[in-house]
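Following: one structure in structure tokens, then a few remarks.
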Amino acid sequence: MSDHLAGGYDLVIFDLDGVVFLIDKPIPGAAEAVERLRADATTIAYATNNASRRAAEVATLLTGMGVSATPAEVLTSAGASAALLAERLPAGAPVLVVGAEALRGEVRDAGLTPVDSAEDEPVAVVQGYGPEVGWKILAEAALAVRAGAAWYATNADRTLPSPRGPLPGNGSLVAVLRTALDRDPDVVVGKPQPALFRTAASRSGAQRPLSIGDRLDTDIQGAVTAGIDSLLVLTGVSGPADLLAAPEDRRPTYVAADLSALFRPPADARVPAPGDEAGGWQLSREGDSVTLKGSGTPVDALRLLCGATWNGVPVAALAAASPEAEHLLRSWGLPTP
């Protein structure tokens, strides 16, 4: 058994937005974490739902931030979507592309014909995030789907993390078409579907992969669906209140403030924390309520409280019995009875 968390795995799969970088700035400690994993001969993969860049572009972006990466280590929902379309459609088939030029390029390289009008009689619509996506192309997509084209979404992330707060993601754009068409996409390719995780593992021959993400509804649920362990880092979208209320299929194996947890003992990040004490915090239980007291790091308190809420204690029944605990619960947006 390894003395640090990452040592127990032969592949670490990083999500990007919210884990390695925010928009165009690296998250502190990300580059160092990647290099330490490489020094330990741990295989690395990057799996992203963002369909606005191709694998080579993502690798270049990461390298420019000081995070080492090669195109072969990058899996994108754009590439996975194009590969799936190529499996299901005849060569050269017209596909209406809603998204960035990267998605068009993936569709073209898969042997299909990207189009941008319903009048081109596309047999499929593929929709991915693109900052320039607007009403005109969404209208063409709606017309094409109504005419019988299959509707593929690269992913359904409602938001993208940014230093200014969450921004609309592809899921928000998919919701526009869902409202107009009164139905869901035929296929959603990216996380939480397990394809990206399984592809990363099969490429490397990994037997024990670990997935790292910042979103419960995509990264963590996808890892659970794929049957692999996961680490939620609190540097992106999902926060403590989300984790406390997480349903069973969105619960990570580990939770940490950041990627430095990879190089500490697994017990320091396992969630829920065993017992009723962790890092200076204590829980006391009375009936259906739980009280937190003491002081320490927020993530240790969070792991303890997950042990309560994941076993049936309502989030509203969490209480504080020390000033530090009260401040913490308030900072998470929780009521403090």
Side-chain angles (χ1 to χ4, degrees), residues 9 11-22 27 44-55 58 62 69 73-85 99-100 102-103 106 126-130 151-161 166-175 178 184-204 206 209-239 242-243 246-255 259:
Y9 299 91
L11 169 66
V12 175
I13 306 169
F14 288 94
D15 177 54
L16 292 177
D17 294 315
V19 175
V20 177
F21 58 70
L22 285 175
I27 290 175
I44 289 168
Y46 302 99
T48 177
N49 267 358
N50 192 325
S52 65
R53 298 185 181 98
R54 305 185 73 177
V58 172
L62 289 170
E73 292 173 329
V74 178
L75 298 95
T76 73
S77 64
S81 296
L84 182 61
L85 286 164
L103 183 54
E106 294 286 2
V126 61
Q127 182 177 6
Y129 170 75
W151 179 19
Y152 288 69
T154 62
N155 67 291
D157 296 30
R158 293 181 297 107
T159 61
L160 292 172
L167 305 176
N170 193 53
S172 296
L173 297 172
V174 167
R178 182 185 288 114
D184 292 329
D186 297 297
V187 179
V188 177
V189 177
K191 299 175 280 187
Q193 300 304 312
L196 292 179
F197 301 105
R198 290 174 178 167
T199 298
S202 65
R203 280 186 182 181
S204 66
L210 174 71
S211 175
I212 305 176
D214 70 303
R215 298 184 67 113
L216 295 174
D217 60 342
T218 56
D219 305 318
I220 303 307
Q221 186 175 348
V224 171
T225 302
I228 64 176
D229 287 353
S230 60
L231 165 65
L232 178 77
V233 288
L234 300 172
T235 50
V237 172
S238 295
D242 303 309
L243 186 65
E248 191 170 354
D249 64 349
R250 296 183 181 182
R251 294 175 183 173
T253 316
Y254 308 100
V255 64
L259 293 173

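The first residue of the sequence shown is numbered 1, and numbering continues consecutively from there.
Considering all non-hydrogen atoms of both residues, Ala78 and Thr154 come closest at CA-CG2, 4.5 Å. Heavy atoms only, all atoms of each residue included: Gly18 and Pro161 are closest at N-CG, 3.7 Å. Minimum heavy-atom separation, Pro252 to Leu243: CD-CD1, 3.5 Å. The two residues Asp17 and Asp214 have their closest heavy-atom pair at O-OD1, 3.1 Å. Pairing each heavy atom of Thr76 with each of Arg54, the nearest pair is CG2-C, 4.4 Å.
A distance of 11.0 Å separates OG of Ser230 from CD of Gln221, quoted to the nearest 0.5 Å. Annotation: the span from Ser172 atom OG to Leu167 atom CG amounts to 10.0 Å, rounded to 0.5 Å. Between the CG atom in Leu103 and the OH atom in Tyr129 there is a gap of 13.5 Å [rounded to 0.5 Å]. For the atom pair CG (Leu11) and CZ (Phe197), the distance works out to 11.0 Å, reported to the nearest 0.5 Å.
Side-chain contact between Ile228 and Tyr9 is absent, with no heavy atoms from C-beta onward closer than 4.5 Å. Counting heavy atoms from C-beta on, the side chains of Val224 and Pro192 never come closer than 4.5 Å. With a 4.5 Å cut-off on side-chain heavy atoms, Leu62 and Leu16 count as touching. You'll find the side chain of Ser77 stays beyond 4.5 Å of the side chain of Val189, heavy atoms only. Using a 4.5 Å heavy-atom cutoff, the side chains of Asn49 and Leu196 are in contact. Residues Thr225 and Asp249 fail the side-chain proximity criterion, which asks for heavy atoms closer than 4.5 Å. Using a 4.5 Å cut-off on side-chain heavy atoms (C-beta onward), Arg53 and Thr48 make no contact.
Judged as a side-chain hydrogen bond (donor to acceptor under 3.5 Å, both in side chains), the pairs with a partner in residues 188-200 (not counting sequence neighbours) are, in order, Asp15-Lys191, Lys191-Asp219.
Checked against side-chain hydrogen bond (donor to acceptor under 3.5 Å, both in side chains), Thr218 has no partners two or more places apart in sequence or in another chain. Taking the ring pair (Phe, Tyr, Trp, His ring centres under 6.0 Å) definition, one finds that Phe14 meets it with Tyr46, sequence neighbours left out.
Other residues, nucleotides and ligands contribute more than 12 heavy atoms inside 6.0 Å of the CZ atom of Arg178.
Formation of a donor-acceptor pair under 3.5 Å by the Asn170 side chain with backbone atoms of Asn155 is found in this model. Judged by distance alone, with hydrogens and angles left aside, the side-chain atoms of Arg215 form a donor-acceptor pair with the main-chain N or O of Thr159 at under 3.5 Å. In terms of modelled atom types and a separation under 3.5 Å, the side chain of Arg251 and the main chain of Ala246 share a donor-acceptor contact.
With 3.5 Å as the limit, one finds a donor-acceptor pair spanning the side chains of Asn50 and Ser52.
Exactly one residue among Asp242, Thr253, Val19, Leu216 makes a side chain to side chain contact (heavy atoms under 4.5 Å, CB included) with Leu232. That residue is Leu216.
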